[in-house]
Structures are given as structure tokens and as C-alpha cells.
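This report concerns only the one structure given below.
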Amino acid sequence: MLLKSDFKKVEEFKRILDTSKSIVLTTHHNPDGDAVGSILGLYHALKSKGYPVVAVTPNGFPDFLSWMPCSDEVIRYSDQKIIAVERILNADIVICLDFNGFKRTEEMGEYLMQSKGKKILIDHHPNPENHFDLQFSFTEVSSTCELVYELLSASFANDSVTTDSAICLFVGIMTDTGSFSYACSRGRTFQVAGELIAKGVNVEKVQGLVYNNFSAERMRLMGFSLNEKMKVLPEYKTAYISLTKEELKRFKNKMGDTEGFVNLPLAIKGIVFSVLFVEHDSFVKVSLRSRGSFPVNEISQKHFNGGGHMNAAGGKAFMSLSQVENFFEEILKSYSTILNKS
Ligand code: 5GP
Ligand code: MN
């Protein structure tokens with residue numbers, strides 16, 4: 001729910017929209033459900049109101065998100081650099097969704113920085129950087145999609161949320177809350193979900209398109225990860241999975257295939273901290289999740305060049321996979337007391 005004091009900012013948001021000839025919506029690199037959902041949810045809503053809007057992502061996104069209405073209209077910087085840069089540099093407004101520092105867009109961040117447009121932030125991560133002219137930044141909402149819904153409702157009396165917009169926004173709330181199992185202790189999240197459903201979201205269909213849309217190889221990779229690659233460290237209430245490039249290749253890994261794997265060890269009784277290490281050409285991608293009060297964003301910030309939320313964070317390690325594993329087991333020792341209290 002937006003606070004009363006935010007309504008001045010809503011008016012300012014409307015005023016800036018109304019005077020803009022070119023609006024760019026953008027999000028972070030390797031966009032997840034909340035990232036794609038929030039740019040497309042806002043894209044549909046602003047388009048329905050006649051605003052000149054385009055959506056630009058730093059790179060592509062997986063099949064389980066590519067079915068969303070108008071996802072083919074998104075300009076992917078990695079494939080369409082010239083047009084993406086032209087749009088960003090000449091925008092009157094750049095609206096940044098589901099991230100709060102330009103570094104999260106990787107190479108594209110340089111152009112966001114150079115853009116002459118006003119920068120507006122709509123996001124739910126802690127500690128936004130100070131690139132932004134106008135900020136809607138709330139950590140208490142489940143997702144950026146929930147916040148977009150609140151902002152649209154406050155700006156346009158709710159009639160901008162079309163069925164297509166509602167579908168996209170529902171995806172982000174659903175994926176960022178693990179299908180309403182975490183980050184949704186506020187009743188308002190369920191009210192927003194209900195209002196989106198009332199606008200025509202078919203929940204069963206959306207669930208199927210997001211969660212039952214994988215290859216057989218991806219399921220086998222998941223089985224392999226749990227059976228052969230998961231290391232459980234009960235003395236630290238921790239479990240981790242690491243996957244090499246060769247293993248990914250063996251299971252015909254496609255973008256998005258390892259999505260969700262990091263959550264699996266948290267189903268083990270007593271495990272409160274789970275990590276997934278995935279080997280890339282020049283770095284190891286690190287995903288961290290926790291239950292309760294163990295702040296994985298602090299771990300990611302301190303040790304893995306990243307950040308995120310208290311219970312879901314990510315980053316990168318610039319060492320070999322086996323070095324990362326050793327490094328991780330070493331740093332775990334210093335968190336032993338806090339982990340065992342969790
Ligand atoms: P994932 O593990 O799914 O890649 O990311 C989980 C969450 O961690 C994301 O929603 C995002 O908030 C955060 N995150 C992931 N990678 C990075 C990163 O490289 N830098 C920062 N600051 N946050 C990240
Ligand atoms: Mn999010």
C-alpha cells in the first residue's frame with residue numbers, strides 16, 4: 001500500500017509521464033518472473049492509456065517467461081544493441097524495475113547512466129543507489145509487480161490494468177513468493193492477487209506455463225543435482241549444490257533450467273541456508289536462499305560481489321568452481337553460531 005506521503009510522488013509520476021514522448025521500461029540482466037512481469041505489466045497498462053512506451057531488457061529470458069503477452073515486443077539489448085541504445089539514450093523517461101543499481105544491467109548500465117531521460121525507480125530491494133530522480137522503493141511488498149499494481153491503481157484509478165497487464169503482474173507476484181509460500185505475510189499481497197484474478201488471470205493456466213514448461217533433460221538435471229551434487233552440512237544447517245559447465249552441457253542446459261534448484265535443499269528438515277553454484281566461462285554464478293532471519297544478502301554482498309533480499313540473494317565469484325566450494329566451506333565457519341541459532 002502506498003503511503004499518504006507518496007501521493008505527491010504519484011502526482012509527479014503522472015506529470016512526468018504526461019509530458020514524455022518516449023518512455024523506456026527496463027529491468028535487470030537475466031530477468032526473472034518479477035522482472036519480466038513488472039516491465040510487461042506496466043507496458044500493457046501504459047500502452048492502454050496511450051503512452052509512448054517500449055520495454056528493453058539487457059538480455060533474453062527463458063521459455064517459461066516467454067509466453068507472456070507481448071514478450072516478443074521486448075527489445076533485447078544483447079541481440080539488438082543499436083536500437084536498444086538509441087531508445088535508452090533518447091528516452092524522456094527510463095523506468096527501472098526490479099533492480100536498484102545500474103550495475104545489475106551489466107554492460108547496458110553505461111547507457112542508462114548516459115541517458116538524458118529522467119530515471120524513475122520502482123523496486124523492492126533494500127538500499128537503492130542514488131541514480132534516480134523519482135523513487136518508489138518499498139522492501140515490504142512481495143514483489144515489484146505488487147508495487148506496480150499499487151502505483152497503477154493510485155495513478156489511474158485502476159482502469160489501466162488490462163487482462164494482459166494483470167497476467168504479467170500475477171506472474172511476478174507468484175514467482176517472487178514461491179507461489180504464495182514466502183515474502184507474502186501481508187494480507188495485501190493476497191488482496192492484490194485477488195484483484196488481478198478478478199481482471200481475468202487463469203491461475204491454473206499461468207501456473208502450468210511457468211512451472212510445467214520444462215524439458216525432460218531439465219528434470220533429469222534436477223534429479224542429478226539432488227542425487228549426486230548436493231552436499232549437506234548439518235553442522236551449519238546448510239546445503240549446497242554446484243554444477244560444472246560439463247554437467248550443464250551433458251543435460252542440454254538451456255537458459256532458466258537451473259531456476260528454482262537453489263530452493264530445493266530448504267525442504268530438508270533443519271536446513272536454513274542453501275546455495276547453488278553454477279560454473280560459467282569467466283565466473284561462478286552464486287544463488288543464495290535462507291529461511292528465517294539469516295541474511296543471505298549480507299553474505300552475497302560481502303563475499304560474492306552481489307546483493308539481494310534477506311532470504312534470496314545472488315552474486316558472482318571470480319575463481320574456479322572447486323575454489324569457490326572451498327572458500328564457501330571456509331567462510332561458513334564464521335557463521336556457525338548465527339546459523340545454529342537460526
Ligand atoms: P538469483 O539467485 O535468483 O539469481 O537471485 C536472487 C535475488 O538476488 C534476485 O532477485 C536479486 O534480488 C538478487 N541478485 C541476484 N544476482 C545479483 C547480483 O549479481 N547483484 C545483486 N546486487 N543482487 C543480485
Ligand atoms: Mn523481484
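Sequence positions, counted from 1, serve as the residue numbers for this chain. For clarity, every value in this text was computed on a predicted model and none was experimentally measured.
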With sequence neighbours left out, the residues meeting salt bridge (Lys or Arg N to Asp or Glu O under 4.0 Å) with Lys341 are none
Once ring pair (Phe, Tyr, Trp, His ring centres under 6.0 Å) is applied, do any residues pair with Tyr43, and if so which ones, sequence neighbours excluded?
none
Are Met230 and Leu264 packed together at the side-chain level, in the sense that at least one heavy-atom pair is separated by less than 4.5 angstrom?
no
Donor-acceptor pair between Thr144 and Asp98 side chains, under 3.5 angstrom
yes
In this structure, which one of Leu134, Asp133, Ile95 forms a side chain to side chain contact (heavy atoms under 4.5 Å, CB included) with Lys119?
Asp133
Using 30° and 60° as the class limits, which term best fits the ring planes of Phe224 and Phe251: parallel, tilted or perpendicular?
tilted
Do Arg218's NZ or CZ and the ring of Phe64 fall within the cation-pi criteria of under 6.0 Å and 45°?
no
Measure the spacing between CZ of Phe61 and OG1 of Thr27 and express it to the nearest 0.5 Å.
10.0 Å
Would you call Val286 and His303 a side-chain contact if the rule is heavy atoms closer than 4.5 Å?
no
Got a salt bridge between Arg15 and Glu11, using NZ or NE/NH1/NH2 to carboxylate O under 4.0 Å?
no
Determine whether the side chains of Glu86 and Asn90 contain a donor N or O and an acceptor N or O closer than 3.5 Å.
yes
Which heavy atom in Met310 sits nearest to a heavy atom in Gly292, and how many Å separate them?
CE-O, 3.5 Å
State plainly whether one hydrophobic cluster holds both Leu233 and Ile268, where clusters connect Ile, Leu, Val, Met, Phe, Trp and Tyr through side-chain heavy atoms under 4.5 angstrom apart.
no
Asp92 and side chain to side chain donor-acceptor pair (under 3.5 Å): which partner among Lys116, Lys118, Lys21?
Lys116
Arg250 atom CZ, neighbour heavy-atom count above 12 within 6.0 Å:
yes
If two hydrophobic side chains count as joined below 4.5 Å and joins carry through other members, does Val203 share a cluster with Met68?
yes
Quick one: are the ring centres of Phe328 and Phe277 less than 6.0 Å apart?
yes
If only side-chain N and O atoms count, and only distance matters, is there a donor-acceptor pair under 3.5 Å linking Glu329 with Tyr236?
no
Pairwise salt bridge (charged side-chain N to carboxylate O under 4.0 Å, His left out) hits with a residue in residues 36-63, at least two apart:
Lys47-Glu73, Lys49-Asp159, Asp63-Lys254
Would you say Pro58 and Glu106 make side-chain contact, with heavy atoms under 4.5 Å?
no
